[in-house]
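In what follows, a single structure is set out as structure tokens and then discussed.
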Amino acid sequence: MLIAGNWKMFKGAHQAREFAAQITRLDDRSSGVDVVVCPPFVSLQATIQGLGEGSNVSVYAQNVHWELEGAFTGEVSAPMLLELGVKGAIVGHSERRQRFGETDDTVGQRAEAALEAGLAVIACVGETEADREAEETEAVLELQIGAIPEHERLVIAYEPVWAIGTGRTASSEIAQEAHAFIKSLHPTRVLYGGSVNAENARTLLSQPDVDGALVGGASLDAQSFEAICLAAAEIAGE
Ligand code: 13P
């Protein structure tokens with residue numbers, strides 16, 4: 001089971017350090033769960049410092065470039081992340097696909113480079129509401145997944161775009177069906193993302209093909225993030 005908190009563009013260094021210091025207490029109670037937080041680039045170092053030595057909470061970035069260095073204004077490379085103690089990166093989040101021109105091709109390149117450098121990867125896929133209404137969900141997922149490499153350090157996050165930040169969580173049936181489909185194409189752990197919170201986490205995580213969650217809004221509050229991690233630990237122990 002893997003629970004990752006995607007902070008998006010929230011928490012500067014000061015808040016990140018405070019949050020990290022609060023969740024170090026999770027260490028003893030989250031056995032069976034890989035806990036990850038994904039701060040903005042500028043808060044990565046403060047988060048790692050706040051967690052302290054020996055924490056079992058890992059820090060991932062929200063994106064990573066495919067080149068090691070070069071004239072790529074605004075981008076950050078895998079070796080730069082590794083130097084800070086970052087363990088992985090999200091690639092292909094729908095907010096990047098929809099608003100920053102990310103394509104299946106660039107997502108694939110980012111994932112390959114991160115894996116080659118030694119980072120773990122959370123690669124995001126998911127259909128829009130229009131795709132689902134047009135019964136195009138499987139075709140869209142198939143295209144997105146076709147661009148994602150297979151690797152033991154890569155997990156996929158299924159994040160239906162219509163469920164992100166809307167409070168409209170996918171039903172556990174929809175999540176299970178999509179996860180089973182994704183696994184038929186790509187043998188890997190699949191996380192669910194989209195309006196996961198402390199109340200609905202247990203039901204979603206109990207589905208046989210839901211191997212964890214990528215949590216946005218509810219990961220910003222230490223208490224609700226902890227509650228989701230503890231629900232995952234309970235299910236992992238069942
Ligand atoms: P919310 O949990 O805020 O819906 O965000 C989901 C998400 O995009 C995680 O990457």
Side-chain angles (χ1 to χ4, degrees), residues 1-11 15-16 19 23 33-41 43-44 47 57-64 86-100 102 107 110-111 114 119-129 131-132 137 140-141 144-145 148 154-172 174-175 178-179 182 188-205 207 210-232:
M1 197 71 86
L2 191 161
I3 302 294
N6 174 11
W7 294 356
K8 308 192 178 183
M9 200 172 72
F10 291 96
K11 295 193 194 296
Q15 280 185 23
F19 183 98
I23 60 162
V33 183
D34 299 322
V35 180
V36 171
V37 291
C38 310
F41 286 126
S43 306
L44 288 167
T47 309
V57 178
S58 303
V59 177
Y60 287 16
Q62 296 174 16
N63 200 5
V64 58
V86 171
K87 297 284 193 285
I90 297 174
V91 300
H93 192 280
S94 65
E95 285 150 17
R96 298 223 51 94
R97 291 176 187 264
Q98 295 204 307
R99 307 181 73 168
F100 300 99
E102 201 76 65
V107 172
R110 290 181 196 276
L119 290 170
V121 169
I122 300 175
C124 303
V125 298
E127 81 286 2
T128 63
E129 183 150 40
D131 296 332
R132 182 159 281 275
T137 299
V140 168
L141 292 177
Q144 292 174 340
I145 284 161
I148 294 172
L154 181 138
V155 301
I156 289 179
Y158 169 62
E159 298 206 309
V161 177
W162 47 270
I164 295 178
T166 57
R168 271 180 67 199
T169 321
S171 66
S172 36
I174 288 183
H179 284 224
I182 291 167
T188 185
R189 289 199 282 179
V190 182
L191 316 180
Y192 169 78
S195 299
V196 174
N197 58 38
E199 285 73 49
N200 61 27
R202 184 162 244 299
T203 319
L204 286 159
L205 294 171
Q207 298 305 308
V210 176
D211 306 309
L214 181 56
V215 187
S219 75
L220 295 173
D221 173 72
Q223 264 189 330
S224 71
F225 186 60
E226 280 189 13
I228 295 167
C229 294
L230 297 180

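Read the numbers this way: they start at 1 and go in the same order the structure lists the ligands and their atoms.
The protein atom (non-hydrogen) at minimum distance from atom 5 (O) of ligand 1 is K8 NZ, 3.2 Å. Protein heavy atom in closest approach to atom 2 (O) of ligand 1: G216 N, 2.9 Å. The protein heavy-atom contact nearest to atom 3 (O) of ligand 1 is G217 N, 2.8 Å.
A donor-acceptor pair under 3.5 Å is absent between the side-chain atoms of D131 and the main chain of T137, judged by distance alone. Not a single donor-acceptor pair under 3.5 Å links the side chain of E102 to the backbone N or O of G92.
Of all the atoms in ligand 1, the ones that sit under 4.0 Å from a non-hydrogen atom of S195 are 1 (P), 2 (O), 4 (O). Counting atoms of ligand 1 from 1 in the listed order, those under 4.0 Å from a heavy atom of E159 are 6 (C), 7 (C), 8 (O), 9 (C), 10 (O). Close contacts between ligand 1 and L214 involve ligand atoms 9 (C), 10 (O) [criterion: under 4.0 Å to a heavy atom].
Any N or O atom pair closer than 3.5 Å counts here, and A218 shares no such pair with ligand 1. For a threshold of 3.5 Å applied to N or O pairs, the pair formed by E95 and ligand 1 contains no separation below that value.
At least one heavy atom of G194 sits less than 4.0 Å from an atom of ligand 1. Ligand 1 lies within reach of G165, whose nearest heavy atom is under 4.0 Å from it.
Within 6.0 Å of atom CZ in F41, more than 12 heavy atoms from other residues, nucleotides or ligands are found, so the atom counts as buried in its surroundings. Residue K87 qualifies as open at atom NZ: its count of foreign heavy atoms under 6.0 Å is 12 or below.
Of the heavy atoms in N6, only side-chain atoms (C-beta onward) come closer than 4.0 Å to ligand 1.
Salt-bridge annotation for D34 and R189: present, with a side-chain N of the basic residue lying under 4.0 Å from a carboxylate O of the acidic one. Ion pairing between a basic and an acidic side chain is recognised when a charged N comes within 4.0 Å of a carboxylate O; R97 and E159 show no such pairing.
In this structure, F225 and F19 have tilted ring planes: the angle between them lies in the 30° to 60° band.
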List the steps, then state whether side chain to side chain contact (heavy atoms under 4.5 Å, CB included) holds for D211 with L2.
CA-CA 7 Å; D211 306 309; L2 191 161; over 6 Å; no
